[in-house]
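Below: the structure, in C-alpha cells.
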Amino acid sequence: MHVGTGRTALFNWLYAKHTGGTFIVRIDDTDDERNAAEFEADILAGLRWLGLDWDEGVGVGGPHGTYRQSDRYERYRQVALELVEREAAYFCFCTPAELAKRREEAAAAGQPPGYDGRCRTIPISEAIARRGSGEASAVRFKMPRPGVTEFDDLVKGKIRIDHEHVDDFVLLRSDGRPTYHLASTTDDVDYEISHVARGEDLLPSTPRHIQLTMALGAKEATYAHLPLILGTDGKRLSKRHGATGVTEYIEAGYLPQAMVNYLSLLGWSPAGDVTIVSLAESIRLFDLESVSTNPAVFDQSKLDWMNGEYIRSLSAVEFVEAARPFVTASMGRELGTDEWERFGRIAPLVQERTKFLTEVGPQVRFLFADELEIDPASWAKVQGDAVEAVLETAVTALGSVDTWDHDHIERSLRTMLEQLGLNARKGLQPLRVAVTGSTVSPPLFESMAILGRDVVLSRLERARQMLISA
RNA sequence: GGCCCCGUCGUCCAGUGGCCUAGGACGCCGGCCUUUCAAGCCGGAAACGCGGGUUCGAAUCCCGUCGGGGCUGCCA
C-alpha cells in the first residue's frame with residue numbers, strides 16, 4: 001500500500017470515527033494488469049498494521065456482498081446497458097487504435113485530445129445491428145452538453161467544471177469489463193456512500209462521477225479531495241523517492257503509531273502546537289474541512305524522529321515485544337530463555353537510544369555471541385599508549401570485585417582510572433571495544449554486569465592477546 | 001496546448017485584517033551534560049513568490065503575474 005493510499009485511508013478512518021460513521025473497505029480491482037490477489041493482500045496488510053479497522057467490507061462482510069469489484073462485473077454491465085437504454089450512454093465502435101491515432105493527430109494540431117463523440121449520434125437501432133453482427137463496442141457515457149458540474153468539496157471548497165472539457169468517457173470496455181469510473185460510482189450508489197475522501201488526482205474525474213450518479217437517479221456523495229503527497233523533489237511521491245510502500249516500513253523497524261501520527265500531519269494538524277498526537281486525540285479533533293489544500297512533501301527525517309519518540313514512549317514490556325522479531329532476525333536464530341532474560345535486562349538501556357527497531361539486534365548481539373566479533377575500525381580507534389595497561393589493570397580490578405553488579409563494577413573501574421591517571425573517555429573506550437566489539441554500545445558497566453564476570457574477563461584477556469600478537 | 005488545484009522557514013504545520021519585530025515541530029549549526037552512541041537541556045541561522053489594488057492597517061481580501069502540481073487512456 002502506497003503511503004498516499006495509507007494517508008487517504010487514515011483520513012477516511014478518522015472522519016468515520018469522528019462522526020460515528022461507517023468505514024468501508026472495498027477493493028477496486030478492475031484493472032487486470034495488476035495481480036488482484038497480491039494487490040488486495042498488500043492493502044489489507046497495510047490497513048491492519050496501521051490499526052485502521054473497518055466496519056464493513058472485504059473480510060468483515062456487510063450487506064453488499066464481497067466488496068470486491070471483480071465480483072460485480074455483471075452488475076456493472078447491467079448498469080451500463082440500462083444507461084444505454086435510457087439514452088444516457090451509447091455504444092462506441094471506435095477501436096483503441098483509431099482513438100490513439102486521432103489523439104495523436106489532435107495533439108499535433110494543437111486540439112484538445114479528448115474523445116470527439118463521433119459515435120454519440122449513431123442511431124440505437126444501427127448500433128444494435130452492428131453489435132449483432134459481431135462488431136466490438138464499448139459503452140460511453142453521454143456527458144450532458146452543454147452543461148456544468150458544480151460541487152462543494154469539503155477541502156477545496158466550491159469547484160466548477162464546464163462539461164466542454166470533459167469528454168464522453170468509457171463505462172464498459174469492449175471486453176465487457178467496467179472502467180474504474182463505472183465500477184466505483186455504481187458502488188458508491190449501491191453502498192450508499194455518503195462521503196468520498198480521495199486523492200486530488202481524482203478531482204478532474206469528479207464531474208464524471210457526479211453526472212453518472214445523477215443519471216443513475218441517485219444523490220451524489222459529499223466529496224473531499226485530499227492534497228497529494230509529494231517526494232522531496234516536489235513531484236508526486238513514487239518509487240524513485242525510496243520507500244513508498246507502507247509495508248516496507250514494517251521491516252525497516254518503524255512503529256505503526258509513528259507512521260499513523262506522521263501521516264495524520266500530512267495535510268492536517270490538531271489545534272495548537274502539538275506534534276505528537278495520540279490516535280484518540282486525532283479522532284476527537286479530526287475534520288475534513290480543516291485539511292490543508294496544498295500538497296505535502298513526505299519528509300522521512302521527521303518520520304524517523306517521530307519513530308524514536310514512539311519507541312521511547314513504549315513501556316519496557318512493549319518494547320521487548322516489539323523488538324523481539326528484529327532481534328531474532330538479526331541473530332539469525334531463536335534465542336534461549338536465559339538469553340531473552342538478559343535481553344530484558346539490557347532492553348531499557350537500548351530503548352532510550354534506538355530510532356528503528358532494526359537497530360536493536362546489532363546493539364545487543366554482543367550479549368549472545370560465543371565468539372565476539374570486534375569491529376576493526378573501532379579497535380583501531382582505541383589504540384594508543386595506554387591500551388595495554390588499561391586492559392591489564394582492568395582484568396585485575398574486575399577480578400577482585402566482590403559483588404558483580406553495576407555499582408561495584410563502576411567503583412572498581414573508576415579506581416582503575418585514577419591509578420592510571422586516565423579520564424573516562426580514554427580509559428573506558430578500550431574496554432568497551434574489548435567487551436562489546438564496538439565503540440558504540442549500551443552503557444558499559446551495565447553491559448558488563450549482564451554479561452557476567454567470566455565472559456567479561458575472557459574478552460578482556462582475548463583483547464590483550466590481540467595486542468601482543470599484533 | 002487546454003482544464004483544474006495550489007503557493008508562509010529546506011520540510012510539515014499554526015496564522016482566517018490589527019495580538020506578527022510571523023509561532024511550533026523535524027532537519028541544520030553552536031554550546032551544555034556525558035563512560036561511547038543516543039536521549040535531554042540551552043542558544044542560533046532560516047519563510048509570508050512577485051506586482052498592483054482594497055483598507056487607517058494586510059501573511060490574511062481582490063486582480064494580475066510568475067512558479068509548482070494534477071488531469072487530459074477501452075489505467076486507477
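In what follows, chains carry the letters A, B, and so on, assigned in the order in which the sequence lines appear, proteins first and then strands, with residues in each chain numbered from 1.
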Is Thr275(A) close enough to C12(B) that one of its side-chain N or O atoms is under 4.0 Å from OP1 or OP2 there?
no
From the candidates G10(B), G23(B), C71(B), the one with an atom nearest any side-chain atom of Asp201(A) is C71(B)
Expressed as a whole number of Å, how far does the P atom of G67(B) sit from that of C29(B)?
34 Å
Provide the closest heavy-atom pair for Leu50(A) versus Val260(A) in the form atom of the first, atom of the second, distance.
O-CG2, 3.4 Å
Now, which nucleotide makes the Watson-Crick or G-U wobble pair with A46(B), with each of the two distances under 3.5 Å?
none
Can you tell me the Watson-Crick or wobble partner of G51(B), both distances under 3.5 angstrom?
C63(B)
Nearest non-hydrogen partners of Phe93(A) and Glu98(A), listed with the distance
O-OE1, 4.3 Å
Of the candidate nucleotides A38(B), C71(B), C37(B), which contains the atom at the shortest distance from the side chain of Val440(A)?
C37(B)
Base partner of U16(B), which must satisfy Watson-Crick or wobble distances under 3.5 Å:
none
Quick check: His18(A) with Phe286(A) (ring centres under 6.0 Å apart)?
no
P atom, G44(B) versus U55(B): distance in rounded Å?
40 Å
His165(A) has its side chain closest, among C74(B), G2(B), G69(B), to G2(B)
Given G68(B), is OP1 or OP2 found less than 4.0 Å from the side-chain N or O atoms of Asn294(A)?
no
Given C6(B), C5(B), G23(B), which nucleotide is nearest the side-chain atoms of Asp273(A)?
G23(B)
So which one's nearest nucleotide on RNA chain B is more toward 5', Pro96(A) or Arg312(A)?
Arg312(A)
Separation of the P atoms in G51(B) and G43(B), to the nearest angstrom
35 Å
Watson-Crick or G-U counterpart of U21(B), or none if no pair lies under 3.5 Å:
none
Under 4.0 Å: is that the gap between some side-chain N or O of Arg414(A) and OP1 or OP2 of U35(B)?
yes
Using the C1' atom as the point on both nucleotides, what is the distance between A14(B) and U54(B), in whole Å?
26 Å
Are any non-hydrogen side-chain atoms of Ser282(A) and Pro270(A) less than 4.5 angstrom apart?
no
State whether Arg236(A) places a side-chain N or O below 4.0 Å from either non-bridging phosphate oxygen (OP1 or OP2) of G70(B).
no
Do you see a donor-acceptor pair shorter than 3.5 Å between the side chains of Asp375(A) and Ser438(A)?
no
Let me know which of Ser378(A), Ser441(A), Ser447(A) forms a side chain to side chain donor-acceptor pair (under 3.5 Å) with Arg432(A).
Ser441(A)
Considering only the C1' atoms, how many Å lie between A76(B) and C71(B), rounded to the nearest integer?
12 Å
So, does Ser269(A) get its side chain near the phosphate of A14(B), meaning an N or O under 4.0 Å from OP1 or OP2?
yes
What interatomic distance, in whole Å, is found between P of A59(B) and the corresponding atom of U16(B)?
13 Å
Counting just side-chain N and O atoms, does Arg208(A) come under 4.0 Å of either OP1 or OP2 of C3(B)?
no
Starting at atom CZ of Arg198(A), determine the distance to atom P of C71(B), rounded to an integer number of angstrom.
13 Å
Name the pairing partner of G27(B), where a pair is Watson-Crick or G-U wobble with both distances under 3.5 Å, or state none.
none
Expressed in whole Å, how much space separates the C1' atoms belonging to C42(B) and G7(B)?
35 Å
Taking atom P of U35(B) as reference, at what distance in whole Å does atom CG of Asn423(A) sit?
9 Å
I'd like to know if Ser292(A) reaches the base of C13(B) with its side chain such that a donor and an acceptor end up less than 3.5 angstrom apart.
no
What's the closest nucleotide to the side chain of Leu202(A) if the choices are C12(B), C5(B), A76(B)?
A76(B)
Nearest-neighbour nucleotide for the Arg353(A) side chain, G73(B), C74(B), U36(B) considered:
U36(B)
Kindly indicate whether the side chain of Arg425(A) and the base of U35(B) share any N or O donor-acceptor pair separated by less than 3.5 Å?
no
Judged by modelled atom types alone, do Arg72(A) and Tyr76(A) share a side-chain donor-acceptor pair under 3.5 Å?
yes
Is there a donor-acceptor contact under 3.5 Å linking the side chains of Asp42(A) and Thr247(A)?
yes
Lys235(A) has a side chain; which of G69(B), U35(B), C13(B) sits nearest to it?
G69(B)
Please report the distance, rounded to the nearest Å, between CG in Asp375(A) and C1' in U36(B).
13 Å
Give me the distance, rounded to whole Å, that separates G53(B) from G10(B) when you measure between the C1' atoms they each carry.
33 Å
Between the base of C12(B) and the side chain of Lys302(A), is there a donor-acceptor distance below 3.5 Å?
yes
Compare the minimum distances between each of U35(B), U36(B), G7(B) and the side chain of Thr293(A), then state the nucleotide with the smallest one.
G7(B)
Could you check which of G40(B), C74(B), C4(B) has an atom nearest any side-chain atom of Ile161(A)?
C4(B)
What is the distance, rounded to the nearest whole Å, between atom CG of Leu228(A) and atom C1' of C12(B)?
16 Å
Counting side-chain heavy atoms from C-beta on, which of C12(B), C5(B), G70(B) comes nearest to Leu203(A)?
C5(B)
Select from Leu266(A) and Asp233(A) the residue whose nearest nucleotide in RNA chain B is closer to the 5' end of that strand.
Leu266(A)
A76(B), OP1 or OP2 - any side-chain N/O from Arg173(A) closer than 4.0 Å?
yes
For U35(B), the nucleotide meeting Watson-Crick or G-U wobble distances (both under 3.5 Å) is none
Take atom CD of Gln429(A) and atom P of C37(B), then tell me their distance rounded to the nearest Å.
7 Å
Under 4.0 Å between a side-chain N or O of Arg177(A) and OP1 or OP2 of A76(B)?
no
Do the non-hydrogen side-chain atoms of Leu417(A) and Asn423(A) ever get within less than 4.5 Å of each other?
no
U72(B) OP1/OP2 closer than 4.0 Å to side-chain N/O of Arg103(A):
no
